[in-house]
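Since the structure comes first, as structure tokens, the remarks are kept for the end.
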Amino acid sequence: MTKEKPLILVSNDDGITAPGVRSLIRIMNKIGDVVVVAPDSPQSGMGHAITVNNVLHCNPITVDDGPQIEYSCSGTPADCVKMAINEILNRKPDLCVSGINHGSNSSINVIYSGTMSAAVEAGIEGIPAIGFSLLDYNYHADFKQSEEFVKRITLSALENGIPEGVVLNVNIPKLKKDEIKGIKICRQANGIWKEDFDKRKSPFGKEYYWLSGEFVNKDKGEDTDIWALENGFVSVVPVQFDLTAHHMIQKLNSWEL
């Protein structure tokens with residue numbers, strides 16, 4: 001009896017034509033039956049935003065001659081996953097993968113990431129999910145160097161399962177394949193963005209601001225994603241979306257509220 005191929009949902013935040021997601025689709029086509037629901041334009045930094053005050057459009061599209069089925073969605077990455085689950089797919093996918101993102105989603109970046117929010121939305125729906133990112137912001141980044149690691153982690157997740165309530169955040173250093181030392185299971189580094197708002201004036205005299213900033217790593221541990229990436233490893237962080245600070249419950253109960 002032939003084993004049924006896994007159904008894999010693919011999304012991202014850089015847009016459906018971005019090289020990163022095209023690379024991810026090619027890899028997933030070797031593993032299972034692929035359905036792509038991705039934004040029709042870049043949605044980086046959207047976090048877990050959803051569309052509530054506007055209409056959503058979701059249309060079939062052909063980007064290349066691969067066997068995958070694809071839909072282009074006008075919404076955010078989280079919208080794309082909601083649309084896939086509720087309107088497009090006739091059964092729950094065996095796995096959702098998001099990315100490959102053009103740039104890092106390590107440390108605190110996971111909070112802002114549209115890539116990871118697509119994976120988290122799948123996780124909320126009880127679907128095993130992984131977000132993949134390559135530490136190269138160049139639109140024409142060389143994603144071939146990361147393909148072996150993406151495939152290895154995906155196959156392992158399908159074989160071993162990802163516990164409910166957890167999604168995987170995978171970041172890959174900008175190195176040649178044979179320069180990457182391996183894969184490390186990590187915790188999220190304690191880091192922040194030190195924002196800088198560049199105040200400018202338009203030709204009409206109206207003030208506006210341009211956001212920039214510098215990432216500050218406040219964590220010197222050698223078990224973090226930042227350490228792993230800086231030392232030539234692929235980082236894998238298990239992320240949970242239950243934001244309850246469980247250790248604080250007992251202390252709060254001691255308050256006279």
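As the structure is a prediction and not an experimental result, all values here were calculated from the model.
- Between atom CG of residue Leu229 and atom OG of residue Ser235 there is a gap of 4.0 Å, rounded to the nearest 0.5 Å.
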Query raised in the report: So Asp136 and Asp142, side chain to side chain contact (heavy atoms under 4.5 Å, CB included) or not? Walk me through it.
Result: CA-CA 8 Å; Asp136 190 341; Asp142 184 4; 6.0 Å; no
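- Glu164 CD: 12 or fewer foreign heavy atoms inside a 6.0 Å radius.
- One finds the NZ atom of Lys92 at 6.0 Å from the CD1 atom of Ile127 (value rounded to the nearest 0.5 Å).
- The structure places CD1 of Ile8 at 5.5 Å from CE of Met28, a figure rounded to the nearest 0.5 Å.
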Side-chain donor-acceptor pairs under 3.5 Å in residues 237-246, sequence neighbours left out?
residue	atom	partner	partner atom	Å
Asp242	OD1	Thr244	N	3.0
Asp242	OD1	Thr244	OG1	2.7
Asp242	OD2	His246	NE2	3.1

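- By the 30° and 60° cut-offs, the orientation of the rings of Phe197 relative to Tyr209 is perpendicular.
- Using a 4.5 Å heavy-atom cutoff, the side chains of Ile130 and Val150 are not in contact.
- Clustering ILVMFWY residues whenever any of their side-chain heavy atoms sit less than 4.5 angstrom apart, transitively, puts Phe132 in a cluster other than the one holding Tyr137.
- A search for side-chain contact (heavy atoms from CB on, under 4.5 Å) contacts involving Glu159 returns nothing, not counting sequence neighbours.
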Requested in this report: Take Asp219 and Arg187, measure what side chain to side chain contact (heavy atoms under 4.5 Å, CB included) needs, and give me the verdict at the end.
Outcome: CA-CA 11 Å; Asp219 199 322; Arg187 63 177 174 86; 2.6 Å; yes
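- In this structure Phe204 satisfies the ring pair (Phe, Tyr, Trp, His ring centres under 6.0 Å) test with no other residue, sequence neighbours excluded.
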For residues 95-114, which side-chain N or O atoms pair as donor and acceptor with protein atoms under 3.5 Å away, sequence neighbours left out?
residue	atom	partner	partner atom	Å
Ser98	OG	Thr115	O	2.8
Asn101	OD1	Thr115	OG1	3.0
Asn101	ND2	Gly103	O	2.8
His102	ND1	Asn138	O	3.2
His102	NE2	Gly20	N	3.1
Ser104	OG	Ser106	N	3.1
Ser104	OG	Ser106	OG	2.8
Asn105	OD1	Ser113	OG	3.2
Asn105	ND2	Ser113	OG	3.1
Asn105	ND2	Ser133	OG	2.9
Ser107	OG	Ala189	O	2.8
Ser107	OG	Gly191	N	3.4
Asn109	OD1	Trp193	NE1	2.6
Asn109	ND2	Ser106	O	3.0
Ser113	OG	Thr115	N	3.1
Ser113	OG	Met116	N	2.9

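- Inter-residue side-chain proximity for Val10 and Glu70 is flagged as unmet; no heavy-atom pair is nearer than 4.5 Å.
- Ile85 and Val35 end up in the same hydrophobic cluster when Ile, Leu, Val, Met, Phe, Trp and Tyr side chains are linked at under 4.5 Å.
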What side-chain donor-acceptor pairs closer than 3.5 Å can you find for residues 40-62, not counting sequence neighbours?
residue	atom	partner	partner atom	Å
Ser44	OG	Asp14	OD1	3.1
His48	NE2	Glu121	OE1	2.7
Thr51	OG1	Asp79	OD2	2.5

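- Here the straight-line distance linking atom OG1 of Thr76 with atom CE of Met83 works out to 10.0 Å at 0.5 Å rounding.
- Leu175 and Gly232 make their closest contact through CD1-CA, 3.7 Å (heavy atoms, listed as atom of the first residue, atom of the second, distance).
- Here Asp196 pairs with nothing under the side chain to side chain donor-acceptor pair (under 3.5 Å) rule; sequence neighbours left out.
- Under the side chain to side chain donor-acceptor pair (under 3.5 Å) criterion, Ser74 pairs with no residue at all, not counting sequence neighbours.
- The two residues Ala118 and Val81 make their nearest non-hydrogen contact at O-CG2, 3.4 Å.
- Under the salt bridge (charged side-chain N to carboxylate O under 4.0 Å, His left out) criterion, Asp64 pairs with Arg22, sequence neighbours left out.
- Arg152 is linked by a salt bridge (charged side-chain N to carboxylate O under 4.0 Å, His left out) to Glu148, counting only residues two or more places apart in sequence or in another chain.
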Report task. Please report the C-alpha distance between Lys5 and Asp94 in whole Å, then the side-chain angles of each, then the deciding distance to 0.1 Å, and finally whether the side chain to side chain contact (heavy atoms under 4.5 Å, CB included) criterion is met. Result -> CA-CA 9 Å; Lys5 281 186 175 182; Asp94 299 289; over 6 Å; no
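- Residues passing the salt bridge (charged side-chain N to carboxylate O under 4.0 Å, His left out) test with Arg200, sequence neighbours excluded: Asp198.
- A continuous path of Ile, Leu, Val, Met, Phe, Trp and Tyr side chains, each step under 4.5 Å between heavy atoms, connects Ile180 with Ile153, placing both in one hydrophobic cluster.
- By the 4.5 Å heavy-atom criterion applied to side chains, Gln188 and Asn169 are not counted as neighbours.
- Residues passing the side-chain contact (heavy atoms from CB on, under 4.5 Å) test with Lys201, sequence neighbours excluded: Glu207.
- By the rule that hydrophobic residues join a cluster once side-chain heavy atoms approach within less than 4.5 Å of another member, Ile226 and Ile185 end up as members of separate clusters.
- Residues that satisfy the salt bridge (charged side-chain N to carboxylate O under 4.0 Å, His left out) test with Glu147, not counting sequence neighbours, are absent from this structure.
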Query - Check against side chain to side chain contact (heavy atoms under 4.5 Å, CB included), Val170 and Phe149 - result: CA-CA 10 Å; Val170 177; Phe149 298 98; over 6 Å; no
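- Environment of CD1 in Ile69: sparse, with no more than 12 heavy atoms of neighbouring residues, nucleotides or ligands closer than 6.0 Å.
- A single hydrophobic cluster is not seen to contain both Leu89 and Leu24; linkage of ILVMFWY side chains at heavy-atom distances under 4.5 Å, directly or through other members, places them apart.
- Taken to the nearest 0.5 Å, the CD1 atom of Ile27 stands 10.0 Å off from the CZ atom of Phe143.
- Listed here is the closest heavy atom pair of Ser146 and Leu134: CB-CD1, 4.5 Å.
- Distance CG/Leu9 to CD1/Ile88: 8.5 Å, rounded to 0.5 Å.
- Ala38 and Ser11 get closest at one heavy-atom pair: CA-OG, 3.9 Å.
- Looking at heavy atoms from C-beta onward, Ile16 lies out of side-chain contact with Pro39 at the 4.5 angstrom threshold.
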